[in-house]
Structure formats: structure tokens, C-alpha cells
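Convention: sequence-line order gives letters A, B, ...; per-chain numbering from 1. Note that the structure is predicted; figures quoted are calculated from it, not measured.
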Amino acid sequence: MKRNELAQRVKDRLHRDDLVVCGLGATEAAFRHVVAPCPTYYASDPMGVWSSVALGLALAQPARRVTLLAGDGDLLMSLQSLATIAAAGASNYRIVVFQNGAYSSTGGQRLTGADRLSFATIARGAGFAWAEESRNAGEIDARLDALYVRPGPALLAVHLEDEPCPAAPPGPWSQVEERTLFMQAVQALGDPRRAQGTR
Amino acid sequence: MNESSASTGAASPPALIVGALKRAGIALVASLPDQWLAPLIERCAADPEIRHVGVAREDEGVGICAGAYLGGTRAALICQNSAVLLSVNALGGMAFHHQIPMLIVAAHRGCHDDNQYYQMYKGRVTEPVLAAMGLPHHVIDGPEHLGLIEQGARQSLLSRLPLVLLLRRRALVG
């Protein structure tokens, strides 16, 4: 599966009052390509902190679903955060790993251990109640449905084709400006307690 | 309110600190233990008005505080000063760059009031590293200066930057 196809399938399962934290590089390129349907916070350097940022957001917004779209190289930098996420028990927090086994923005170098790496195994070992991976395009829809049916924290790692993705030029908004826009968008969603039970 | 120390009748530093954090509107605390911090972290974890999250590495705490702020919750990280050294990338590359406020309450290990060889580098290195990052900080010598908790939280919020409070032993454990 190509990363843009996965981004589209995730998008198809998101609601306008969901929140997304999106990893940088190829993951960001894919989610920007399909156009986010809900307030989305885009990562920047440094890699390795965004699973924690998404946890903080999930704890601050317990009535909304928070999804982290994680690049595999990014999440590999902070595997211990999976233990923290499991211990915190954020039931509104879900992770989709875009696993292509490569650092796409820097030229496609392979991740250390890429050929054997199983984020689902690691997440289960860290205490996630549900963590699966998918290599077969035919089963990804069912696994994505399962990800959102179950309470979190839950993780689905999807193995992707290793497509090139050169680093993009800077967009029109700096991270500070994007942060302001994101926080305004979250505020505009209204009282999160009213969002509960609407789906 | 049981905020008095049984032995002296005076409010203990952990009680003063937790009270100040709550008055500053901080509703989420991430922490990693330190010997000097143990009573403070226990008190945070037991407080029904504070969502406490134990972390495995301190830069997770920087990320959690940042995410909480994005979601409208003020947050603090309680940790050793070595956390500042570990978290240079998270603080300088993420929180500073995205202009995200958070309060970092750190045990200032490795100074004149410490007693281990391996702590000393922390006292020597932390403040110059903070200066190099361009992050504001204050050293709190004792409980009489704990008003800096609320003031520091406000300074952090108004400057949209992480603010680091370095607490000496006497300010944490009396």
C-alpha cells in the first residue's frame, strides 16, 4: 500500500471534531495530500516527542478522539513513550504507524532493524490492550475499523511501500502560526463534553 | 486542608508547591522521580485536582506538557535538572520553536547542598545550557521563595516559553 492510500483510509474514519497529531516528513506529506478533515497538529523537528505531545492532547481533551499518525523512524526514537501511554490509560488515544522502514526525507535510508521491527509487538509488551500490524492491503480496512471500535490506547502499524519523499520546501505558515490556528480550530469545535456521545 | 507538616506545624515545601501549582491553574503534572522530589510527586499523584502522569524519560514530559497546552490545559513537569540536559531538543526544538509555555520544576542537583560525585556535573552545566537555549529560569533557594512558582508560571504563559525553576534541597525537602 502507498502512504497516500493509507492517509485516505484513515481520513475516511475521522470526524470533524476529532483531533490529529501528524508526524513530519512523508507522513505529513501524505496527510496534507488527502486534506485533513479535522484540526490537525503537524509535527516538526525534533523527532521522538510527538507520541508524547499527542498523549498530552488526549489527556487535555478526554471527550475527543485523538489520533497520532506516526512515521516509523519518529516513533522508533521514543519507544518507551508507549509504556507511558499505556500506563496513562488514555482511552481516546490511537496510533497509526506509517511503516515504510525508511527515513524518506533524508533519502530513504533504512531504519535500524527495519526488516524485523514489529511496533505491534512492542506496544503489546508496553501494555497496550490492542495493537496489531497489517501487511496486506485487503485487511487494512478491517483493522482500521477495529482500531476505532476498541477503546484506546490502541495501535495499528501498517506496512507501506517504500516510496521516495524528498523533503518539502517550507509551507506558508511557521509552526507558531500553525499552533495558533490549531488552538483556534479546537476552540471553535465548542465544548468537548457536548461532543461525547454524538457518534 | 491537611497542608501542615505534622512535625513542625508549618506548611511543608511540597504542600506549598502543590498549592502554588494549583493557584497557577496547573491541572496536569508529568514527573520522573528524584530523591528530593519524592514527597512532592507523591502529593501531586494523590491530589484529585491534578492529573498526574509518570513518564519514563523526561523529554516525554516536555511533549506531554506541550500537548496539554494545545488542548487548553496548563501543565508542569517535575524532574531533576538533568532533565533539562536530556530535553534540550524537545525544549529548544519543539517548545521554544512552537512557543509553548510550560513550567518545569526541577531539583537543582549537583551544587553546594549535594553529596554525590556523579551529581556535580548537573549543577555545573544546567544553567549555562539554559542560557544557551535562551530559556528563562530562576533558582529557588528555600521555601521562603516559593512565590516564584506562581510568578514563574505566569511569566511562562505570558512569554509563551518554557520556564525552568531550579529548586535547591532546602526548597524541596526543608
If Ile, Leu, Val, Met, Phe, Trp and Tyr residues are connected whenever their side-chain heavy atoms lie under 4.5 Å apart, and connections chain through other members, are [X] and [Y] in the same group?
{"X": "B:L148", "Y": "B:L40", "value": "yes"}
{"X": "A:V97", "Y": "A:Y42", "value": "no"}
{"X": "A:V20", "Y": "A:L55", "value": "no"}
{"X": "B:L103", "Y": "B:I50", "value": "yes"}
{"X": "A:L24", "Y": "A:V10", "value": "no"}

Heavy atoms only, distances under 4.5 angstrom: which of B:G67, B:A56, B:A75, B:G93 has the most pairs with chain A? Name it, please.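 Option with the top pair count is B:G67.
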Pick whichever of B:T73, B:I64, B:N89 has the most heavy-atom pairs under 4.5 Å with chain A.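 Of the options given, most contacts go to B:I64.
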Between B:E60 and A:S81, a side-chain donor and acceptor under 3.5 Å: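 No, no side-chain donor-acceptor pair sits under 3.5 Å.
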Contacting moiety of B:V55, where chain A heavy atoms sit under 4.5 Å: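 Contact with chain A involves both backbone and side-chain atoms of B:V55.
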Structural part of B:L28 lying under 4.5 Å from a heavy atom of chain A: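 Contact with chain A is through the side chain of B:L28 alone.
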Around atom CD of A:Q187, are there more than 12 heavy atoms from other residues, nucleotides or ligands closer than 6.0 Å?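 Not buried by this count: 12 neighbours or fewer within 6.0 Å.
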B:Q35 atom CD: more than 12 heavy-atom contacts under 6.0 Å: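 No, CD of B:Q35 has 12 or fewer neighbouring heavy atoms, counting only those of other groups under 6.0 Å.
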Give me the atom names and distance for the closest heavy-atom approach of [X] to [Y].
{"X": "A:V49", "Y": "B:A90", "value": "CG1-CB, 3.7 Å"}
{"X": "A:A60", "Y": "B:A68", "value": "CB-O, 3.6 Å"}
{"X": "A:A88", "Y": "B:V53", "value": "CB-CG1, 4.4 Å"}

Does the side chain of A:V186 come within less than 4.5 Å of B:L70's, by heavy atoms?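 B:L70 does not reach A:V186 side chain to side chain.
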Would you say the side chain of B:M94 lies within less than 4.5 Å of the side chain of A:V53, judging by non-hydrogen atoms?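 In short, these two side chains touch, coming nearer than 4.5 Å.
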Out of B:H97, B:Q99, B:H98, which one pairs with A:Q175 under the side chain to side chain donor-acceptor pair (under 3.5 Å) rule?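 For A:Q175, the side chain to side chain donor-acceptor pair (under 3.5 Å) test succeeds with only one of B:H97, B:Q99, B:H98, which is B:H97.
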Top residue by heavy-atom pair count (under 4.5 Å) with chain B, among A:P46, A:P39, A:A54?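 That would be A:P46.
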A:L147: what forms a side-chain contact (heavy atoms from CB on, under 4.5 Å) with it, not counting sequence neighbours?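 A:R94, A:V96, A:W130, A:L144, A:A154, A:L156.
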